[in-house]
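Computed from a predicted model, the values in this text were never measured in an experiment. As a basis for the values below, the full set of heavy atoms in this structure was taken, side chains included, without hydrogen atoms, waters or symmetry mates.
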Amino acid sequence: MKIILAPDKFKGSLSAIEVCNAIEKGIKRFDQSVQIIKHPLADGGEGTLTILNNFFKLKKRNLIVNNPLFRPCEATYLVSNDTAYIEMATASGLQLLSKHERNCFYTSSYGTGELILDAVNNGYKNIVLFIGGSATNDAGIGMASALGYNFYNSNNQLVIPIGKELNNIVRIEKTDLKIDLNSIKCTVICDVKNELYGPNGAAYIYASQKGSNADQIEQLNQGLINFSNQVELFLDKKIAAIPGAGAAGGIGAGAFCFLNAKLQSGIDFVLEHTNFNTIVNSDIDLIITGEGSVDKQTLEGKVVSGVASKASLFKIPFIIVSGIAQDVKQLQSAFNPTAMYSIMDLGVTQKEAIAEASKYLNDIGFHLIQQFTSNKYN
């Protein structure tokens with residue numbers, strides 16, 4: 001029997017490769033003869049570069065940039081040939097701030113722009129920007145400011161490039177632009193399809209997770225509306241309804257209008273660049289995928305969604321494993337998995353599930369292969 005293990009990380013608990021290792025141990029405990037192909041994945045969010053580095057030898061570049069609150073921090077990006085792979089979270093990520101500092105009303109993506117500028121200045125023509133895990137809701141004006149765009153308020157003053165100021169922008173200028181947009185190609189990798197503003201937009205869906213209160217979220221949404229209007233007026237680009245425009249606090253839209261970026265699904269990018277299709281063939285008996293939490297958002301461009309699509313295409317049974325599973329009937333209807341397993345279904349507390357995830361995944365691996373080989377699901 002040959003099995004592919006293709007999970008995402010279990011956020012806050014295990015990396016994707018650690019998830020693979022834990023499930024593998026459980027399967028091998030039941031049957032040593034099972035062939036395991038470990039293919040850890042990511043969906044374009046934080047940790048994606050770690051996954052890519054499992055498959056390619058990328059070189060690291062380090063520099064000091066501004067964190068989301070304009071404090072110096074060390075950030076890195078990876079390079080290969082003429083391509084720079086930049087993870088927004090390393091410069092503008094939520095994990096860079098303590099819990100009480102997190103509020104996307106006051107944060108900026110400026111540091112991400114500094115990473116892009118450094119890459120361009122060092123001759124990298126292809127910029128691949130991964131935008132998950134941000135601490136921001138500034139529509140990318142921080143990033144753009146680092147690249148030389150200027151944003152003015154009604155008093156003809158430069159605005160501080162943070163979410164709070166989006167509604168005060170009345171003019172956008174690019175006369176001080178520090179890069180030649182015609183000489184670079186930018187691809188933005190994102191894991192969500194949210195529009196820029198409105199009920200399904202950046203502010204209403206994600207700002208509360210980044211520390212903003214209800215009043216601030218309303219102001220951020222109004223700011224995104226104003227930003228969209230100013231971009232159309234001064235840059236002649238319509239960005240409001242672009243799928244993924246609201247990703248990472250609107251930086252999906254910002255990269256589109258400030259870098260002429262193309263937006264691409266994170267899981268599609270990772271599956272393509274890690275050659276997932278080449279290992280999925282008629283010899284594969286089962287694919288096991290999963291992530292820390294699966295719910296209705298999993299339907300929108302997450303690892304499980306991408307793997308489920310491939311499994312269905314090649315008519316291979318697949319099983320979803322998670323730390324916690326919600327909206328189960330919806331997921332079963334959409335994906336039609338062979339089975340679903342969740343650590344929380346074992347009757348443990350959330351604290352135990354996180355702390356002992358490796359142990360429980362080992363047990364799930366043992367149980368699922370036992371059930372699968374007994375033809376219970378076939």
Side chains of [X] and [Y], heavy atoms from C-beta outward: is any pair under 4.5 Å?
X	Y	answer
Asn167	Phe227	no
Ile4	Val280	yes
Cys20	Pro7	yes
Ile287	Ile3	no
Glu195	Ile242	no
Pro68	Ser108	no
Val34	Gln32	no
Phe256	Leu263	yes

Nearest non-hydrogen partners of [X] and [Y], listed with the distance:
X	Y	answer
Asn277	Phe314	OD1-CE1, 4.2 Å
Leu115	Ala91	CD1-CB, 3.7 Å
Thr107	Cys104	OG1-CA, 3.1 Å
Leu96	Ala89	CD1-O, 3.8 Å
Val188	Ala261	CG2-CB, 3.7 Å
Ser154	Val170	N-CG2, 3.6 Å

Tell me which pairs pass salt bridge (Lys or Arg N to Asp or Glu O under 4.0 Å) where either residue lies in [range], with sequence neighbours left out.
range	result
residues 154-173	Arg171-Glu173
residues 110-134	Arg61-Asp118
residues 77-102	Arg71-Glu101

Subject >> Step-by-step side chain to side chain contact (heavy atoms under 4.5 Å, CB included) determination, Leu78 to Lys59 >> reply: CA-CA 5 Å; Leu78 301 180; Lys59 295 180 181 178; over 6 Å; no
Is it possible for you to say whether [X] and [Y] belong to one hydrophobic cluster, with membership spreading through side-chain heavy-atom contacts below 4.5 Å?
X	Y	value
Val303	Ile319	no
Ile131	Ile86	yes
Val120	Val65	yes
Val348	Leu368	yes
Tyr152	Leu177	no

Original post:
Is it true that Asp268 and Lys310 have a side-chain N and a carboxylate O under 4.0 angstrom from each other?
Top reply: no
Under a 3.5 Å threshold, yes or no: a donor from one side chain and an acceptor from the other, between [X] and [Y]?
X	Y	result
Ser92	Thr112	yes
Glu218	Tyr204	yes
Ser33	Asp31	yes
Asn260	Lys237	yes
Gln222	Asn226	no
Tyr85	Asn53	no
Asn62	Thr76	no
Ser228	Lys238	no
Lys193	Asn200	no

Subject >> Verdict with supporting geometry, Ile23 and Ile27, side chain to side chain contact (heavy atoms under 4.5 Å, CB included) >> reply: CA-CA 6 Å; Ile23 296 173; Ile27 292 172; 3.9 Å; yes
**OP:** Test Lys178 against Asn121 for side-chain hydrogen bond (donor to acceptor under 3.5 Å, both in side chains), laying out the working first.
**Re:** CA-CA 9 Å; Lys178 301 173 184 177; Asn121 287 342; over 6 Å; no
Side chains of residues 144-151: which donor-acceptor pairs under 3.5 Å do they make with residues two or more places apart or in other chains?
residue: Ser145; atom: OG; partner: Ile141; partner atom: O; Å: 2.7
residue: Tyr149; atom: OH; partner: Phe258; partner atom: O; Å: 2.8
residue: Asn150; atom: ND2; partner: Asp176; partner atom: OD2; Å: 2.8

Do any N or O atoms from the side chain of [X] and from the backbone of [Y] form a donor-acceptor pair under 3.5 angstrom?
X	Y	result
Asn153	Asn156	yes
Ser309	Gly306	no
Thr278	Asn275	yes

**OP:** Go through the steps for Asn194 and Tyr206 under the test side-chain hydrogen bond (donor to acceptor under 3.5 Å, both in side chains), then give the verdict.
**Re:** CA-CA 10 Å; Asn194 301 82; Tyr206 300 110; 2.7 Å; yes
Subject >> Sole candidate of Asp8, Ile189, Asp43, Thr48 that passes side-chain contact (heavy atoms from CB on, under 4.5 Å) when paired with Val270 >> reply: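 Of Asp8, Ile189, Asp43, Thr48, side-chain contact (heavy atoms from CB on, under 4.5 Å) with Val270 is met by Thr48 alone.
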Subject >> Passing option when Ile354 is tested against Glu352, Lys351, Gln350 for side-chain contact (heavy atoms from CB on, under 4.5 Å) >> reply: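 Only one of Glu352, Lys351, Gln350 forms a side-chain contact (heavy atoms from CB on, under 4.5 Å) with Ile354, namely Gln350.
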Subject >> CD1 on Ile225 to CG on Leu220, rounded to 0.5 Å >> reply: 11.5 Å
**OP:** Let me see the working for Gln332 and Met340 under side chain to side chain contact (heavy atoms under 4.5 Å, CB included), right down to the final yes or no.
**Re:** CA-CA 8 Å; Gln332 289 173 330; Met340 292 180 65; 3.7 Å; yes
Subject >> Verdict with supporting geometry, Leu52 and Thr274, side chain to side chain contact (heavy atoms under 4.5 Å, CB included) >> reply: CA-CA 7 Å; Leu52 291 178; Thr274 61; 4.2 Å; yes
Original post:
Is the NZ atom of Lys28 crowded by more than 12 outside heavy atoms at less than 6.0 Å?
Top reply: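 Correct, the count exceeds 12.
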Original post:
Quick check: are there more than 12 heavy atoms from other residues, nucleotides or ligands sitting under 6.0 Å from CG of Leu117?
Top reply: yes
Original post:
Excluding sequence neighbours, so at least two apart, what forms side chain to side chain donor-acceptor pair (under 3.5 Å) with Lys302?
Top reply: Asp191
**OP:** Give the C-alpha distance, both sets of side-chain angles, the deciding distance and a yes or no for side-chain hydrogen bond (donor to acceptor under 3.5 Å, both in side chains) between Ser358 and Lys25.
**Re:** CA-CA 10 Å; Ser358 182; Lys25 287 178 182 178; 5.6 Å; no
Subject >> For Ala16, side chain to side chain contact (heavy atoms under 4.5 Å, CB included) partners two or more places apart >> reply: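 For Ala16 the side chain to side chain contact (heavy atoms under 4.5 Å, CB included) partners, ignoring immediate neighbours, are Pro40, Ile51.
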Original post:
Stepwise, does the ring pair (Phe, Tyr, Trp, His ring centres under 6.0 Å) test hold for Phe130 with Phe269?
Top reply: CA-CA 10 Å; Phe130 302 89; Phe269 179 91; 5.7 Å; yes
**OP:** Taking the six-membered ring for Trp and the full ring for Phe, Tyr or His, determine whether the centres of Phe55 and His273 are under 6.0 Å apart.
**Re:** no
